Protein chains: 2
Amino acid sequence: MDKKATTIQDVARVAGVSTATVSRAISNPDIVSEATREAVFAAIRTTGYHINLMARNLRRKRTGAIVVLVPNLGNPFFSRILSGIEQTAAAEGLSVLIVDTKHPNADQTQLVSYLHNTRADGLIALDGSLPRALLGDGQASGAMPPIVFACEWIAHCSFPNVAIDNEAGAALAVRHLYELGHRDIGHVMGPPGNVLTETRLAGTRDALRSLGLDIRDEWFIDGDFSLQSGADAAQQWLAMKERPTALFCASDQMACGFISEISQEGLSVPGDVSIVGFDDIDIARRFIPPLTTIHQPRNAIGNAAARLLIEQISGDRTEAASAVHQVLGVELVVRKSTAPLGNK
Amino acid sequence: MDKKATTIQDVARVAGVSTATVSRAISNPDIVSEATREAVFAAIRTTGYHINLMARNLRRKRTGAIVVLVPNLGNPFFSRILSGIEQTAAAEGLSVLIVDTKHPNADQTQLVSYLHNTRADGLIALDGSLPRALLGDGQASGAMPPIVFACEWIAHCSFPNVAIDNEAGAALAVRHLYELGHRDIGHVMGPPGNVLTETRLAGTRDALRSLGLDIRDEWFIDGDFSLQSGADAAQQWLAMKERPTALFCASDQMACGFISEISQEGLSVPGDVSIVGFDDIDIARRFIPPLTTIHQPRNAIGNAAARLLIEQISGDRTEAASAVHQVLGVELVVRKSTAPLGNK
DNA sequence: AAGCTATATGTAATCGATTACAGATGCCGA
DNA sequence: TCGGCATCTGTAATCGATTACATATAGCTT
């Protein structure tokens, strides 16, 4: 009943030209005559032809797709980054493949298959915890497509990346609290080993030091960016004999978890403690109280990462463009979760 | 410097066998002798061979990928659905391509290219607002891959789908409010025309009617599922002469927006109004107050949709499996945004 | 010993587009 | 009138794997 898929042959026959001409009319219209072009397009319409991408890509030695490695797709922080990537990629005719690097049965073997150029023309990693060995091997063998890191990156590895200035963001947060009169400032950290954790921590310590404030180890609370870890941090804070009067949380999710937890204990923000978050996720401005936070241009990060990757793909790979580290600005958004010290 | 990509030919040469044998050793190991198999695998290791997926897929006439159409990737509601899809797909060796159907420069032409079987082996649509014409055409021509809808669907179209029982969810919400003593119950709706809007609305009206409560048109407030529209609804509610004492919001985001807005006006939930949300997104249990809501098993929806699609892909397409409508259960999660009437 | 089967492997066509190369045509100037 | 050049189109090789079909070998039966 249904005939087989229409091919370029069918179009060629209907249009009365060769397959070469059809191919040219499609991918390089300028070099065929006007009349032929019309005839080909008419034939395409009557036959309902759709190009077979696998055939094209096999011949052209590209895949037409880029892969995005996401650590935990369930985290809403990434959704707008993905959105930015997808926008830019789609405009270039590239498909976006997403892979969750942390899902239960993602093993090394499976991951490594994505790091190969028959799978994708390029790769954006949002996960700085990829085993370095994985990357080193492939890169050397020349079979690995260009890689761009975004948000996170691997320390002491020179892959191009797009990120924000985490130290500066942390400093903004700390200075804001200082200007409100806070002198006892703590920090809820991200997961150990993560570059964001480390840079935000470094920025926090530097800012505290340059303001001449104490750095008290017990006021640096472990977390992992999640809501739950923010709530856990709240419990630790509650248990302290001497509590900091203000906390800078390394993610908005932790800030929300923290506020939620202490509010269930009858305390409130900013009355009992001032809180600054990080990321400016959508809910931040609608939380109660609305969160004072460090804004990350998430869509722009996605756009920039995709653009950078596309340059790497099309450009000359030998040039030392691998040294590109694009840093986007952050800004402090003051809302209602911070207040002058003593202003209950 | 870097030699060309290694091919099956190289492996064959090193192993001293034909390409056919290598191919068989890879994709159907049982039919080659033990000795040969070992030799081939050894050769694969020494050459660093990776299969070229485009060549394999061209020959096998499959793409090894499924496409997920997401309306607005920026919406965190979808992240866990995607996560569920990705898990199940990855386990079957399928890549997941995501496409944002609503991004600025997504046009029909581009969309239609995804609805073709040289692009993907199957398609999961999370967007019920796809132009029906788009789907009808392709389906008829036989060139369209199997499609499964998830969460949303197209009314009066018989594509297989996975969804929750929205009417039942709405009824749960309304009955919960009724049991708390509320008799003046309003509803903040989703965007006009959306199937979720309509089914949740229908469920709400039915429940109100069967409980013998008034259905007052002015208490049905327009929204679009977003935080902002929840805040807008709050302004409308504030402006009412006679206010409902409880509202069922068709999404958690709107519930959060609503609560946030009235709290800025000095009113509170559940003191001044009880609020039930829908979806049970991550933030719901950490909002202030924690949201009473209807829980959707988002990960399970993603899993089920992927599984259903995979069945359609591998199974006999002629059988009337297109009638599959999988309905997953919802449940009411009672938290702190609802309270007995009059219990300020 | 001939015939048969089962098992293992090789040969070569095939998937559907792209593109190097060659050929055809028309126009121009000398 | 002819060579030279530009423009357009066709022929056929090619991308790298899969697989139908053919062939070879060993083991078994009678």
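Every chain is numbered from 1, with letters handed out A, B, ... down the list of sequences. Just so you know, these numbers come straight off a predicted model, no measurement behind them.
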- Query: Would you say Ser23(A) reaches dT18(C)'s phosphate, i.e. side-chain N/O to OP1/OP2 under 4.0 Å?
  - Reply: yes
- Okay, side chain of Arg56(B), backbone of Ile51(B): is any donor-acceptor separation there less than 3.5 Å? no
- How would you label the contact of Ile51(A) with the nucleic acid (heavy atoms, under 4.0 Å): base, sugar-phosphate, or nothing? sugar-phosphate
- Rounded to whole angstroms, how far apart are CG on Asn28(B) and P on dT18(D)? 11 Å
- Rounded distance in Å - CZ (Arg60(A)) to C1' (dA20(C)): 15 Å
- Note on the structure: To the nearest angstrom, the NZ-P distance between Lys61(B) and dT18(D) comes to 16 Å
- Nearest-Å distance for atom pair CZ/P, residues Arg62(B) and dT19(D): 11 Å
- Query: How long is the line joining CD1 of Ile8(A) and C1' of dG16(C), in whole Å?
  - Reply: 8 Å
- Message: Checking the side chain of Asp121(B) only, and the main-chain atoms of Ile66(B) only, is there a donor and an acceptor separated by less than 3.5 Å?
- Response: no
- Sequence neighbours excluded - ring pair (Phe, Tyr, Trp, His ring centres under 6.0 Å) pairs with any residue from residues 46-74 of chain A: His50(A)-His116(B)
- Leu196(B) and Trp153(B): CA distance, side-chain angles, deciding distance, side chain to side chain contact (heavy atoms under 4.5 Å, CB included) verdict: CA-CA 9 Å; Leu196(B) 303 180; Trp153(B) 64 93; 4.2 Å; yes
- Rounded to the Å, how far apart are Arg56(A) CZ and dT19(C) C1'? 13 Å
- Can you tell me how far P of dC15(D) sits from CG of Asn52(A), to the nearest Å? 18 Å
- In short, Leu130(A) meets Thr101(A) closest at the heavy-atom pair CD2-CG2, 4.2 Å
- Message: For nucleotides 7-14 of chain D, give me one character per nucleotide, 5' to 3': B if any protein heavy atom sits under 4.0 Å from the base, S if the only such contacts are to the sugar-phosphate, - if neither.
- Response: -SBBBBBB
- Message: If I take atom CG in residue Leu58(B) and atom P in nucleotide dC15(D), what distance separates them, rounded to the nearest angstrom?
- Response: 14 Å
- Note on the structure: Heavy-atom closest pair (Val22(A) atom, Val11(A) atom, distance to 0.1 Å) is CG1-CG1, 3.8 Å
